[in-house]
Amino acid sequence: MSEGLRERKKRETRLRISDVATGLFMARGFDNVTVAEVARAADVSVNTVFNYFPTKEDLLFDRQDEVVDLLGKVMRERRPGESAVEALRRDFMDALDTGDWRYGFHEGGDTFPRMISTSPTLAARLREMDELRVEALARTLADEAGADPDDLTPALVAGQICATLHALTTYAVRRMLAGESVAAITPDLRAQADHAFRLLESGIGGYCVRREEASRGGGAMELT
């Protein structure tokens with residue numbers, strides 16, 4: 001179904017408010033900008049801002065739902081014969097090769113961490129988002145594997161995967177914040193990622209392998 005005029009205008013308004021807010025936060029710091037100032041700069045009312053973004057933090061974390069669901073989406077779309085770890089490794093390396101934003105490693109990717117580091121409010125929100133991502137991945141793994149409700153394996157696997165990704169992105173961000181370019185960091189990050197995913201493979205590499213019939217709608221999984 002094509003997007004209607006009303007939906008397009010709402011999407012454009014939301015994007016404009018978010019872009020204006022991000023620009024102000026980058027220039028002056030998150031805690032030094034009020035929602036009223038964002039509204040004036042975006043030429044909307046304060047009520048309109050809150051209609052689209054329930055909290056001030058939402059102006060910066062406007063893609064939270066997409067980020068939280070990212071790993072689950074990779075799981076649901078993994079290839080036949082691919083395990084959870086293999087699917088994540090492929091997607092992570094693809095993001096490195098293409099410079100995509102989804103794992104926080106791209107040109108200009110240091111801007112967001114710089115803002116986070118100066119705001120306890122944003123740091124707390126990021127920790128909350130990380131927790132939501134682990135929980136979302138665990139639910140997806142449980143669904144994909146047909147796990148029993150009392151089976152802790154999906155939560156354990158999700159925790160290991162998310163901890164690994166967090167370590168890799170933290171390593172990259174630390175070097176970006178020190179002034180290194182993405183081009184300079186990428187070869188080392190790739191080597192670190194290869195090592196990290198090999199460690200995961202040695203422990204949980206056989207978990208949630210997608211069978212051929214599952215990709216055709218069957219849902220059967222190989223559990224080892």
Side-chain angles (χ1 to χ4, degrees), residues 1-74 76-77 91-92 94-137 139-140 162 165-166 168-170 172-177 179 181-182 185:
M1 182 181 297
S2 61
E3 183 180 42
L5 178 61
R6 176 181 173 82
E7 288 73 22
R8 178 171 61 82
K9 287 186 174 181
K10 289 176 66 176
R11 175 175 55 79
E12 291 173 348
T13 298
R14 187 180 192 279
L15 180 61
R16 184 175 77 254
I17 294 171
S18 176
D19 286 346
V20 167
T22 300
L24 290 173
F25 297 152
M26 289 173 60
R28 294 167 49 195
F30 178 82
D31 294 328
N32 298 322
V33 177
T34 66
V35 174
E37 289 173 318
V38 172
R40 284 196 297 272
D43 195 25
V44 297
S45 70
V46 171
N47 284 340
T48 297
V49 174
F50 282 121
N51 284 340
Y52 286 95
F53 302 95
T55 70
K56 181 182 173 184
E57 297 83 59
D58 289 326
L59 288 162
L60 194 60
F61 289 90
D62 59 311
R63 303 179 81 167
Q64 174 173 315
D65 290 347
E66 186 176 351
V67 172
V68 167
D69 187 55
L70 168 64
L71 304 183
K73 183 174 184 291
V74 173
R76 294 189 295 271
E77 296 177 355
D91 193 66
F92 185 86
D94 176 75
L96 283 188
D97 292 340
T98 60
D100 190 86
W101 66 272
R102 61 189 183 272
Y103 290 100
F105 183 70
H106 54 95
E107 293 293 349
D110 60 329
T111 302
F112 187 74
R114 287 185 194 279
M115 279 193 281
I116 297 292
S117 67
T118 62
S119 172
T121 302
L122 292 180
R125 178 63 177 269
L126 183 60
R127 287 193 296 271
E128 177 186 344
M129 190 168 72
D130 287 341
E131 292 173 0
L132 291 173
R133 185 165 74 160
V134 176
E135 292 170 3
L137 177 58
R139 287 194 300 271
T140 300
C162 290
L165 294 175
H166 179 75
L168 290 171
T169 55
T170 298
V173 166
R174 174 171 55 81
R175 292 183 58 175
M176 284 192 288
L177 291 177
S181 69
V182 168
I185 299 168

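One is the number of the first residue; the rest follow in order along the sequence. Reckoned from all heavy atoms, side chains included, excluding hydrogens, waters and symmetry mates.
- Scored by the salt bridge (Lys or Arg N to Asp or Glu O under 4.0 Å) test, Arg11 finds Glu3 as partners (sequence neighbours excluded).
- Taking the side chain as every heavy atom from C-beta outward, Arg125 and Leu60 never approach each other to under 4.5 Å.
- Under the rule for a ring pair (Phe, Tyr, Trp, His ring centres under 6.0 Å), the partners of Phe61 that lie at least two apart in sequence or sit in another chain are Phe112.
- With sequence neighbours left out, Glu37 forms a salt bridge (Lys or Arg N to Asp or Glu O under 4.0 Å) with Arg28.
- The side chain to side chain contact (heavy atoms under 4.5 Å, CB included) search around Glu66 returns Arg63, Trp101, not counting sequence neighbours.
- Under a 3.5 Å cut-off, the side chain of Ser119 and the backbone N or O of Ile116 do not form any donor-acceptor pair.
- Considering CG of Asn32 and CG of Leu24, their distance stands at 11.0 Å, rounded to 0.5 Å.
- Residue pairs that meet the salt bridge (charged side-chain N to carboxylate O under 4.0 Å, His left out) test with at least one member in residues 113-122, sequence neighbours left out, are Asp110-Arg114.
- Contacts of Lys10 classified as salt bridge (Lys or Arg N to Asp or Glu O under 4.0 Å), with partners at least two apart in sequence or in another chain: none.
- Among all heavy-atom pairs drawn from Arg14 and Asp62, the shortest one is NH2-O, 3.6 Å.
- Ala124 pairs by the side chain to side chain contact (heavy atoms under 4.5 Å, CB included) definition with Arg127, not counting sequence neighbours.
- Annotation: side chain to side chain contact (heavy atoms under 4.5 Å, CB included) contacts of Asp94 (sequence neighbours excluded): Thr98, Arg102.
- Rounding to the nearest 0.5 Å gives a distance of 12.5 Å between OG1 of Thr121 and CG of Leu126.
- Applying the salt bridge (Lys or Arg N to Asp or Glu O under 4.0 Å) rule to Asp69 yields the partners Arg76; only residues at least two apart in sequence or on another chain are considered.
- Atoms CD and SG, on Glu131 and Cys162 in that order, are 11.0 Å from each other to the nearest 0.5 Å.
- Side-chain contact between Leu15 and Glu12 is absent, with no heavy atoms from C-beta onward closer than 4.5 Å.
- Contact check for Leu132 versus Gln64: side-chain heavy atoms found under the 4.5 Å cut-off.
- Proximity of Tyr52 to Ser18: side-chain heavy atoms (C-beta onward) are nowhere separated by under 4.5 Å.
- When side chains are defined from C-beta on, Leu165 counts as touching Leu71, because their heavy atoms get closer than 4.5 Å.
- Donor-acceptor pairing under 3.5 Å is recorded for the side chains of Asp58 and Thr55.
- Taking all atoms of both residues into account, the shortest heavy-atom contact from Val46 to Ala36 is CG2-CA, 3.8 Å.
- Between Met129 and Val67, the shortest heavy-atom contact is CE-CG1, 4.2 Å.
- Going from atom OG1 of Thr111 over to atom CE of Met176 covers 9.0 Å, rounded to the nearest 0.5 Å.
- Counting only residues at least two apart or on different chains, the ring-ring contact (aromatic ring centres under 6.0 Å, His included) pairs with a member in residues 7-50 are Phe25-Phe30.
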Got a list of side-chain donor-acceptor pairs under 3.5 Å for residues 38-45, not counting sequence neighbours?
from  : atom 1 : to    : atom 2 : distance (Å)
Ser45 : OG     : Thr48 : N      : 3.0
Ser45 : OG     : Thr48 : OG1    : 2.9

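- For the pair Tyr103/Leu96, no side-chain contact is recorded, criterion being any heavy-atom separation below 4.5 Å from C-beta on.
- In this view, Lys9 and Leu5 satisfy the side chain to side chain contact (heavy atoms under 4.5 Å, CB included) rule, not counting sequence neighbours.
- Of the inter-residue distances, the one linking Thr13 atom OG1 with Asn51 atom CG reads 11.0 Å to the nearest 0.5 angstrom.
- Other residues, nucleotides and ligands contribute more than 12 heavy atoms inside 6.0 Å of the CE atom of Met115.
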